Trainee: 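Here it is, the structure in full.
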Protein chains: 2
Amino acid sequence: MKQSRYKTYAREGCPVEATLELFSGKGKGMILYHLLEGTLRFNELKRRVGALTQRMLTKQLRELEGYGLVHREVYAEVPPKVEYSLTDTGRSLEPILLALKDWGEEHALPRLREKQAESAICETE
Amino acid sequence: MKQSRYKTYAREGCPVEATLELFSGKGKGMILYHLLEGTLRFNELKRRVGALTQRMLTKQLRELEGYGLVHREVYAEVPPKVEYSLTDTGRSLEPILLALKDWGEEHALPRLREKQAESAICETE
DNA sequence: CCGTATCCATAGAGATACTG
DNA sequence: CAGTATCTCTATGGATACGG
């Protein structure tokens, strides 16, 4: 009855999809990747992540915290200071994040540039 | 000026996000994962992927084809026969897919079960 | 067998303004 | 500094039903 070396997972409980869900939502990949560096304050993260609105950054961070991947440390100071860091579970994603980065640099980015070249007619501003 | 061993990527051109975009859309992870097995016909894929409607499966496959990750081979027969397989680029995602699967089995699935236990009050049907 | 076409509901995300 | 609060728009995906 051997028909596959890979286990067949249906939707409920597919480990691939379950893991991908952690990254679903704009910017989660980037956030996690930048936190590999170490602890970052909200605005440091915001600067690194670039094109994410404050609202979105907050939202994604809360979700990541909910997953137990990110730790949020609030300091009772004025002005306010909040630091974000990876939990152990979050850090265990490092191999995945680095693999995503490597693949992207090798395959995805070159294509993006092609596409940008195609549609370079617009938005030269 | 060393401040990070990791390069700082803004949104445009972040390789992590660029790679993640390939997986965005319901079922893409699962589809790619199952195609690691080898060539599959539409309905074989449908069975493995389980809770994906025909419409969605078609849509995701078209997008993956568009990314150049999946090859679609149509046979001019009656009844129709269409086979899907990974391109070389698609196959190069294998390390990522396996890493996602391994992480999921170790971390994500145990949590899912917790959550399901919590909300087990509803939908026992 | 392998899809399209259509309609509809919801979740995701942008812009912007305000606050402890 | 580090967030909420709205309000709006679009993209995503489910449920059919039909077609080559």
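Model, not experiment: these values are computed from the prediction. First the proteins, then the strands, lettered A, B, ... as listed; each starts at 1.
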Trainee: Among dT12(D), dG14(D), dG3(D), which is the nearest nucleotide to the side chain of Lys59(B)?
Mentor: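 Of dT12(D), dG14(D), dG3(D), dT12(D) is nearest to the side chain of Lys59(B).
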Trainee: Given the structure, check if the side chain of Arg62(B) and the base of dT4(C) hold any donor-acceptor pair shorter than 3.5 Å.
Mentor: no
Trainee: Closer than 4.0 Å, any side-chain N/O of Lys46(A) to the OP1 or OP2 of dG3(D)?
Mentor: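 Looking at the OP1 and OP2 atoms of dG3(D), neither is under 4.0 Å from any side-chain N or O of Lys46(A).
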Trainee: Consider the side chain of Arg72(B), meaning its heavy atoms from C-beta on, and name the nucleotide among dG3(C), dA2(D), dA15(C) that approaches it most closely.
Mentor: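 Output: dG3(C).
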Trainee: Quantified as the angle between the terminal helix axes (five pairs each), what is the overall bend of the helix from dC1(C)-dG20(D) to dG20(C)-dC1(D) to 10 degrees?
Mentor: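 It works out to 60° between the end axes.
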Trainee: So, does Lys101(A) use its side chain to make a donor-acceptor pair with the main chain of Leu97(A) at under 3.5 Å?
Mentor: no
Trainee: Between dC1(C), dC1(D), dG3(C), which nucleotide gets closest to the side-chain atoms of Asn43(B)?
Mentor: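 The answer is dC1(C).
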Trainee: For the pair Glu65(B) and Leu61(B), evaluate side-chain contact (heavy atoms from CB on, under 4.5 Å) and give the outcome as yes or no after the intermediate values.
Mentor: CA-CA 6 Å; Glu65(B) 200 190 349; Leu61(B) 282 167; over 6 Å; no
Trainee: In whole angstrom, give the distance that lies between atom CD of Glu73(B) and atom C1' of dC1(C).
Mentor: 16 Å
Trainee: Over how many whole Å does the gap from Glu63(A) atom CD to dG3(D) atom C1' extend?
Mentor: 16 Å
Trainee: Looking at Gln54(B), does any N or O in its side chain come under 4.0 Å of the phosphate oxygens OP1/OP2 on dA17(D)?
Mentor: no
Trainee: Using a strict 4.0 Å threshold on nitrogen-to-oxygen distance, state whether Glu44(A) and Arg47(A) make a salt bridge.
Mentor: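 Salt bridge absent between Glu44(A) and Arg47(A).
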Trainee: Report yes or no: do Leu40(A) and Val74(A) belong to one cluster of Ile/Leu/Val/Met/Phe/Trp/Tyr joined by side chain heavy-atom distances under 4.5 Å?
Mentor: yes
Trainee: Given dA2(D), is OP1 or OP2 found less than 4.0 Å from the side-chain N or O atoms of Arg41(A)?
Mentor: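 Yes, such a contact exists.
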Trainee: Starting at the 5' end of DNA chain D and moving along, which residue's nearest nucleotide shows up first, Thr53(B) or Lys81(A)?
Mentor: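 Its nucleotide being nearer the 5' end, the pick is Lys81(A).
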Trainee: For the side chain to side chain contact (heavy atoms under 4.5 Å, CB included) test, which of Leu100(B), Ile96(B), Leu64(B) pairs with Leu32(B)?
Mentor: Leu64(B)
Trainee: Quick one: which of dG3(D), dC2(C), dG14(C) gets closest to the side chain of Phe42(A)?
Mentor: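 Selected nucleotide: dG3(D).
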Trainee: State which of dT4(C), dG14(D), dC1(D) makes the closest approach to the side chain of Pro79(A).
Mentor: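 So the nucleotide nearest the side chain must be dC1(D).
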Trainee: Taking only N and O in the side chain of Tyr84(A), is any of them less than 4.0 Å away from OP1 or OP2 of dG3(D)?
Mentor: yes
Trainee: Let's test your reading of the model: under 3.5 Å, does the base of dT6(C) pair with the side chain of Arg55(B) as donor and acceptor?
Mentor: yes
